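Being a predicted model, the structure only gives us computed values, none of them experimental.
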Amino acid sequence: MDTTQSRVAVAGASGLIGTALTRSLAADGHEVVRLVRRAPRGKDEVRWDPKEGYVDTAGLAGCTAVVNLAGAGIGDHRWTDAYKRELRDSRVLGTRALAAAVASLDEPPRVFVNSSAIGYYGDTGPRAVDESAPAGHGFLPELCVEWEDSVAAARDAGVRTVLARNGLVIGREGGAWGRMFPLFKAGLGGRLGDGRQYWSYISLHDEVAALRHLIDTETLSGPFNLTAPDPRTNREITAAMGRVLRRPALLPAPAPALRLVLGEMAGDVLGSQRVLPTRLLDSGFSFTYPAIDEAIRAALR
């Protein structure tokens, strides 16, 4: 954010990205309002119920930005039909509710930043893609398309709307990497499948910096890939984890075993996404940790 103190509402503030973003904003003197599903415990909390489509719009009054990072964890459970509905509803219904709330305000925020994911592109193999690429096929791409379409009310009301397509965020306290670090530290890490699939990662530091850049830059709207500019294969990332942690990384997880354990989700674990942040770079954003080794080291500080 700029030097002017602002009021920013954040949904999903307790997650890996939300915690880091709210901490960064508060450290710079900005007022952060957290959307919560329970009764608010203070003036810095606003009640909402994403599945019921309810948002206490009075609590959003005076906000210059609304950021939606809410959604059930993609890798938290096996993809049963019930959990796929949870993944969909927690994103689509929540986004619709927030977009409608933003659109209804007499003085709407200057920007609505809605989380999305590079799952939008599906399996791209070794081919590099950026924001100009079409959506892929399968559960995650279809979910991302519906998720992004759910911002329509805010966008149609004239609010600058940004779609942050997040890559794999490297952090110790959550997400895929939060589960990987203990395994690699114990010497139990290794490639997944043949390891040739590309992983498009981003350090938590750069993820937060990119979100704040998107909030601040008044000319930016539409989709932005939040990924480092040099995607690496799972095999290369496995080797980097071993180097940085000084542990062997020699225990591969064969593709058949992953499919047995993970079910349908294994297709996305073994799939390849070589995603480039073209629009983010073109907007003037600079990465602090663009390379995989330094991004991993940053997460350990």
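- To the nearest 0.5 Å, atom CZ of residue F224 and atom CG of residue L281 are 11.0 Å apart.
- Inter-residue side-chain proximity for H30 and R212 is flagged as met; some heavy-atom pair is nearer than 4.5 Å.
- Between F285 and H213, the ring planes are tilted. Angles from 30° to 60° get that label.
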**Request:** Check the pair R243, D293 against salt bridge (charged side-chain N to carboxylate O under 4.0 Å, His left out), reporting the backbone distance first and the verdict last.
**Result:** CA-CA 8 Å; R243 282 194 304 271; D293 287 56; 2.8 Å; yes

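- Across every non-hydrogen atom of I17 and L69, the tightest pair is CG2-CD1, 3.9 Å.
- The pair R96-E146 meets the salt-bridge criterion, with a side-chain N (NZ, NE, NH1 or NH2) lying under 4.0 Å from an Asp/Glu carboxylate O.
- Taken together through direct or relayed side-chain contacts under 4.5 Å among Ile, Leu, Val, Met, Phe, Trp and Tyr, L204 and L21 form part of one hydrophobic cluster.
- P277 places a side-chain heavy atom less than 4.5 Å from the side chain of F287.
- Defined by atom type and a distance below 3.5 Å, a donor-acceptor pair is missing between the side-chain atoms of S272 and D123.
- Ion pairing between D49 and R37 fails under the 4.0 Å rule for side-chain N and carboxylate O.
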**Request:** Determine, stepwise, if the pair W177 / V169 fulfils side-chain contact (heavy atoms from CB on, under 4.5 Å).
**Result:** CA-CA 7 Å; W177 247 274; V169 179; over 6 Å; no

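- A 4.5 Å side-chain heavy-atom check between V46 and T57 finds every atom pair outside the cut-off.
- Proximity of the aromatic rings of F139 and W79 is defined here by a centroid distance below 6.0 angstrom, and this criterion is met.
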**Request:** I would like to know whether E142 and R88 meet salt bridge (charged side-chain N to carboxylate O under 4.0 Å, His left out); could you show each step before the answer?
**Result:** CA-CA 10 Å; E142 291 169 6; R88 184 259 181 197; over 6 Å; no

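- Proximity of I74 to L87: side-chain heavy atoms (C-beta onward) are separated by under 4.5 Å at one or more points.
- In the hydrophobic cluster analysis, where Ile, Leu, Val, Met, Phe, Trp and Tyr join through side-chain heavy atoms closer than 4.5 angstrom, V67 is grouped together with V32.
- The main-chain N or O of I215 is found under 3.5 Å from a side-chain atom of R160 such that the two form a donor-acceptor pair.
- Using a 4.5 Å cut-off on side-chain heavy atoms (C-beta onward), T238 and F184 make contact.
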**Request:** Before giving the answer on side-chain contact (heavy atoms from CB on, under 4.5 Å), spell out for L300 and R172 the whole-Å C-alpha distance, their side-chain angles and the decisive distance to 0.1 Å.
**Result:** CA-CA 7 Å; L300 296 172; R172 282 186 300 174; 3.9 Å; yes

**Request:** With salt bridge (charged side-chain N to carboxylate O under 4.0 Å, His left out) as the test, would you mind laying out the steps for D194 and R235 before giving the verdict?
**Result:** CA-CA 8 Å; D194 63 17; R235 186 186 296 268; 5.9 Å; no

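- Rounding to the nearest 0.5 angstrom, the gap separating the CD atom in E45 from the CG atom in D56 is 12.0 Å.
- Under the 3.5 Å distance criterion, with hydrogens and angles disregarded, a donor-acceptor pair is assigned to the side chains of N166 and S115.
- When every heavy atom of A295 is checked against every heavy atom of S203, the shortest pair comes out as CB-CB, 4.0 Å.
- Side-chain contact check for N234 and Y198: no donor-acceptor pair (N or O, by modelled atom type) lies under 3.5 Å.
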**salt bridge (charged side-chain N to carboxylate O under 4.0 Å, His left out) evaluation trace for R165 with E131** = CA-CA 9 Å; R165 292 176 179 166; E131 294 89 350; over 6 Å; no

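- Under 3.5 Å, the side chains of R7 and T64 contain no donor-acceptor pair of N or O atoms.
- No more than 12 heavy atoms of other residues, nucleotides or ligands shown are found within 6.0 angstrom of CZ on R41.
- Between T227 and I118 the shortest heavy-atom distance is CG2-CG2, 3.8 Å.
- Taken to the nearest 0.5 Å, the CD1 atom of I296 stands 6.0 Å off from the CZ atom of F181.
- Nearest heavy atoms, T22 versus A13: CG2-CB, 4.0 Å.
- Using a 4.5 Å cut-off on side-chain heavy atoms (C-beta onward), I202 and L168 make no contact.
- For the pair T19 (side chain) and L16 (backbone), a donor-acceptor distance under 3.5 Å is absent.
- Under the 4.5 Å side-chain heavy-atom criterion for grouping Ile, Leu, Val, Met, Phe, Trp and Tyr, L226 is not connected to Y289 through any hydrophobic cluster.
- Between the side chain of S283 and the backbone N or O of L280, at least one donor-acceptor pair lies under 3.5 Å.
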**Item:** Worked verdict on S6 versus E31 for side-chain contact (heavy atoms from CB on, under 4.5 Å)
**Value:** CA-CA 6 Å; S6 300; E31 182 183 358; over 6 Å; no

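- Hydrophobic clustering places L105 together with L98 (ILVMFWY residues linked when any side-chain heavy atoms are closer than 4.5 Å, directly or through intermediates).
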**Prompt:** After noting the C-alpha distance and the side-chain angles of E148 and S116, does the key distance pass the side chain to side chain donor-acceptor pair (under 3.5 Å) rule?
**Reply:** CA-CA 7 Å; E148 294 187 0; S116 182; 2.7 Å; yes

**Prompt:** Which is it for E86 and K51 under the side-chain contact (heavy atoms from CB on, under 4.5 Å) test, yes or no, and what are the steps along the way?
**Reply:** CA-CA 10 Å; E86 174 67 18; K51 291 186 179 179; 2.6 Å; yes

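- From W147, atom CH2 reaches atom CG of N68 across 8.0 Å, with rounding to the nearest 0.5 Å.
- Panel note: side chain Q5, backbone G29; a donor-acceptor pair is recorded below 3.5 Å.
- Under a 3.5 Å cut-off, the side chain of R246 and the backbone N or O of G242 do not form any donor-acceptor pair.
- When every heavy atom of Y201 is checked against every heavy atom of P290, the shortest pair comes out as OH-O, 2.9 Å.
- Of the possible polar contacts, one joining the S200 side chain to the Q273 backbone as a donor-acceptor pair under 3.5 Å is found.
- Side-chain N or O atoms of R274 include none that pairs as donor or acceptor with a backbone N or O of P231 at under 3.5 Å.
- Side-chain contact between I292 and E236 is absent, with no heavy atoms from C-beta onward closer than 4.5 Å.
- Residues W48 and V10 fall into different hydrophobic clusters, defined by Ile, Leu, Val, Met, Phe, Trp and Tyr side chains chained together at heavy-atom separations under 4.5 Å.
- Of the possible donor and acceptor atoms, none in the side chain of D230 sits under 3.5 Å from a partner among the backbone N and O of A291.
- The distance from atom CG of L251 to atom CG of L188, rounded to the nearest 0.5 Å, is 6.0 Å.
- A donor-acceptor pair under 3.5 Å is formed between the side chain of S104 and the backbone N or O of A101.
- Inter-residue side-chain proximity for L143 and V145 is flagged as unmet; no heavy-atom pair is nearer than 4.5 Å.
- When all heavy atoms are compared, the tightest approach of P109 to V159 is O-CG1, 3.7 Å.
- Atom CG of L220 and atom OG1 of T161 lie 12.5 Å apart (nearest 0.5 Å).
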